[in-house]
K.L.:
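One structure, as structure tokens, below. Some questions next.
What's counted below: heavy atoms across the whole structure, side chains too, no hydrogens, waters or symmetry copies. This chain uses plain numbering: 1 for the first residue, then up along the sequence. All ligand and atom numbering here is 1-based and tracks the order in the structure.
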Amino acid sequence: MPHLSVNERKTLLALRRLGGRASVSDVAATSGLIDAAVMRATLSLTSKGLVRVHERGMNVVSITDEGLSYAKEGLPERRLLNSLLKLGGEARPEEAAKHARLNEGLLQIALGWLLKKGWANLYRPELRHPYHVLSTSREQPLGEDERLLSLLSEKGPLTVESLSEGLRKAVEVLRRRGIVNVKRKVERELELTEEGWRLVRRGIRLIEEVSQLTPELIATGRWRDVKLKRFDVLAPGPALHPGRAHPLQRIIQEIREVFLEMGFTEVRGPLVETAFWNFDALFQPQDHPAREMQDTFYLAEPSVGELMDVERVKRVAKVHEDGWITGSSGWRYSWDFEEAKRLVLRTHTTATTIRYLAEHKKPPIRVFSIDRVYRNEKVDYKHLAEFHQIEGIIMDKGVTFRDLLGVMKEFHRKLGLRKVLFRPTYFPYTEPSAQAMAYLEKKRAWLELCGMGVFRPEVLAPLDVKHPVLAWGAGLERLAMLKLGVEDVRLLYKNDLRWVRGTPVCLW
Ligand code: PHE
């Protein structure tokens, strides 16, 4: 005996009770199942060879809203005829219409059909008679169209094929008049096969199938009598969107962990900085192009900040002007105190690490920052005016540029970037300086990630830092775009839920 679900059993039993062959709706009514459940059961019963399906296309006629009102009050031509008879068999059409309470539109329809059906004549009594007269001599029996109308209003929709020929013709006439609708329907009849008969004759037991084992089933012991539905563990479940961190935040967290694993501590600093910490302390001359308005956001209100340690400021001024004790010749210009006081939105997080260094001079120091920076950029698919930088510094006795290369290699390796090379480059505050290039296997492309170098004596001497400092900084968004496969950097800030939800949790 093949395995049968409860609905399949109910369907077979109903078919048997109905004599072995019946329509889906009859089987549904007999079994107590809904039509769709019968159809589903039938699908598997046919594949088991127990039931056969016969399909029959048919046309179903039903009454329209307009037809419904005619069914109540009679077709307009019938109403016109009746009032004409009441008026003695002869009247002006308008008069008869008024009597029948037909409006102008309906009168035209009524008149047309009245004449077409030959129920009355319209004529002028004399050549010069001012109007037409409608005339009839007798009552008319109900037509097929009227019979169909009352049949439909009494019994509801009917199968066209089951009607007499006369009524079938009436369907066509009334359909053209917009009084009835005809729709095609497929009717399915189910029939027990030989195999099906054999099975039902042997007897089918109805066992209840349950999909959930409840405390009640267990407590009463009824679980012994029911059939537990199998779970389909491979069936797709509904998509769930639990709360999750934004992809950019996840990358920030990942980088933060890399730094923490490497023994670094996170530091933060102000978004609004004095030009002193953003530029001057980093030995960037006051006429450096990066300081221009079109590259840097300056604050209008308040426009200047305070420079705390006057001696320190004086030492920075001296370094800029002639190199002070560093052996450098400086930039050879007259340093402007006011320029250094101007407030900017920090353009790099090096402002934050140098500020930290100025206050923490005891080696070893290993700090990092992942934070926002601002540049006066025109926003496009590659550029934002507000973005993030990753920054790190190491200060310790005797550390060298080679240590920096090693640390950078390890830093990249932990981010999943194994192929790294270094190119010489220039920053005003480091010497030597380098640019790290990392190879992205997936993209088959080299990515410029980190700028780095050893802070110059011109930077360290005025801050009274005694030991070498290794520093590097990188943009976060470029790395994030590559990791996330994002072509337009603006997408990172759009809060596009579909994108956020669709981003895989594991990125490399
Ligand atoms: N501040 C540099 C930038 O914005 C990066 C950098 C940091 C370079 C530290 C050298 C040392 O690109």
Side-chain angles (χ1 to χ4, degrees), residues 255 259 262 264 266-271 273-285 288-292 294-297 344-358 365-377 382-396 399-409 411-412 415 420-438 447-460 463 465 467-481 489:
I255 295 170
F259 273 117
M262 291 174 73
F264 286 73
E266 185 163 7
V267 294
R268 302 200 73 176
L271 299 179
E273 256 310 351
T274 50
F276 180 80
W277 288 115
N278 197 77
F279 299 121
D280 296 285
L282 289 164
F283 197 52
Q284 291 201 45
H288 193 282
R291 292 200 184 205
E292 304 264 333
Q294 59 268 23
D295 292 315
T296 301
F297 288 116
V344 302
L345 293 182
R346 82 177 156 207
T347 64
H348 53 184
T349 40
T350 318
T352 295
T353 42
I354 195 69
R355 197 183 239 287
Y356 182 86
L357 212 53
I365 282 177
R366 263 190 262 191
V367 294
F368 75 97
S369 129
I370 307 174
D371 227 332
R372 291 221 170 182
V373 297
Y374 302 82
R375 287 191 197 166
N376 197 351
E377 297 263 19
K382 263 166 99 159
H383 300 96
L384 291 171
E386 181 179 5
F387 55 100
H388 290 84
Q389 275 195 335
I390 309 163
E391 189 95 20
I393 54 167
I394 296 175
M395 184 258 267
D396 206 355
V399 287
T400 66
F401 187 64
R402 292 179 61 125
D403 295 313
L404 179 57
L405 298 182
V407 169
M408 286 323 301
K409 232 182 153 157
F411 178 72
H412 282 85
L415 284 177
V420 183
L421 59 80
F422 302 96
R423 279 188 179 164
T425 187
Y426 171 81
F427 297 104
Y429 32 95
T430 50
E431 181 59 34
S433 307
Q435 179 73 55
M437 312 271 296
L447 165 70
E448 265 188 24
L449 201 57
C450 288
M452 64 176 104
V454 182
F455 274 149
R456 302 178 75 102
E458 289 94 325
V459 173
L460 298 183
L463 303 181
V465 175
H467 304 286
V469 178
L470 316 176
W472 69 97
L476 172 73
E477 276 76 3
R478 280 233 289 159
L479 178 66
M481 281 168 78
V489 65

K.L.:
Please work out whether any backbone atom (N, CA, C, O) or any side-chain heavy atom from C-beta onward of Y429 is under 4.0 Å from ligand 1, and answer side chain, backbone, both or neither.
P.N.:
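Y429 to ligand 1: side-chain contact only, backbone stays beyond 4.0 Å.
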K.L.:
Which of the atoms in ligand 1, numbered in the order shown and given with their element, are less than 4.0 Å from a heavy-atom of Q389?
P.N.:
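The list of qualifying atoms is 3 (C), 4 (O).
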K.L.:
Look at atom CZ of R268 and say whether more than 12 heavy atoms of other residues, nucleotides or ligands are closer to it than 6.0 Å.
P.N.:
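No, not enclosed.
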K.L.:
Of the backbone atoms (N, CA, C, O) and the side-chain heavy atoms from C-beta on, which set of M452 has a member under 4.0 Å from an atom of ligand 1: side chain, backbone, both, or neither?
P.N.:
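M452 to ligand 1: backbone contact only, side chain stays beyond 4.0 Å.
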K.L.:
Let me know which of V407, I393, T353 forms a side chain to side chain contact (heavy atoms under 4.5 Å, CB included) with W472.
P.N.:
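That would be V407; it is the only one of V407, I393, T353 passing the side chain to side chain contact (heavy atoms under 4.5 Å, CB included) with W472.
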K.L.:
For ligand 1, does E448 get within less than 4.0 Å through its side chain, its backbone, both, or neither, judged by non-hydrogen atoms?
P.N.:
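Answer for E448: neither.
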K.L.:
Quick test: of every protein heavy atom, which one is nearest to atom 11 (C) of ligand 1, and how far off is it to 0.1 Å?
P.N.:
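That would be A471 O, 3.6 Å.
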K.L.:
Show me which atoms of ligand 1 lie under 4.0 Å from any heavy atom of H348.
P.N.:
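Those qualifying, in numeric order: 1 (N), 4 (O).
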K.L.:
Taking only heavy atoms of T350 into account, list the atoms of ligand 1 that are under 4.0 Å away from them.
P.N.:
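Near T350, the atoms of ligand 1 are 1 (N), 7 (C).
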K.L.:
So, T347 and N278: side-chain donor and acceptor under 3.5 Å apart, yes or no?
P.N.:
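Their side chains do contain a donor-acceptor pair, which is all the 3.5 Å distance test asks for.
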K.L.:
So if I count the atoms of ligand 1 from 1 in the order they appear, which ones are less than 4.0 Å from some heavy atom of F427?
P.N.:
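Reading through ligand 1 atom by atom, the close ones are 8 (C), 10 (C).
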K.L.:
Say you draw a straight line from OH of Y374 to NE2 of H348; how long is it, rounded to the nearest 0.5 Å?
P.N.:
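Result: 14.5 Å between the selected atoms.
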K.L.:
Any nitrogen or oxygen of W472, main chain or side chain, under 3.5 Å from a nitrogen or oxygen of ligand 1?
P.N.:
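There is no such contact.
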K.L.:
Out of all atoms in ligand 1, which are within 4.0 Å of some heavy atom of E391? Include the element for each.
P.N.:
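Counting from 1, the qualifying ligand atoms are 7 (C), 9 (C).
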K.L.:
Identify, by atom number and element, the atoms of ligand 1 in contact range of R375, meaning under 4.0 Å from any of its heavy atoms.
P.N.:
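Taking each heavy atom of R375 in turn, ligand 1 has 4 (O) under 4.0 Å.
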K.L.:
How close do V489 and H383 get, heavy atom to heavy atom, and via which atoms?
P.N.:
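V489 and H383 have their closest heavy atoms at CG1-N, 3.8 Å.
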K.L.:
Going by the rule side chain to side chain contact (heavy atoms under 4.5 Å, CB included), which residues pair with P428 if we only count those two or more places apart in sequence or in a different chain?
P.N.:
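With neighbours one apart ignored, the set is Q284, H288, Y426.
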K.L.:
Just to verify, which of L470, L463, L282 counts as forming a side chain to side chain contact (heavy atoms under 4.5 Å, CB included) with F455?
P.N.:
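Output: one option passes, namely L282.
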K.L.:
Is it the case that E391 and T349 place a side-chain donor and acceptor less than 3.5 Å from each other?
P.N.:
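There is such a pair (donor and acceptor under 3.5 Å, judged by atom type) between the side chains of E391 and T349.
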K.L.:
Could you tell me whether T430 and ligand 1 have an N or O pair separated by under 3.5 Å?
P.N.:
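Min N/O separation from ligand 1 is not below 3.5 Å for T430.
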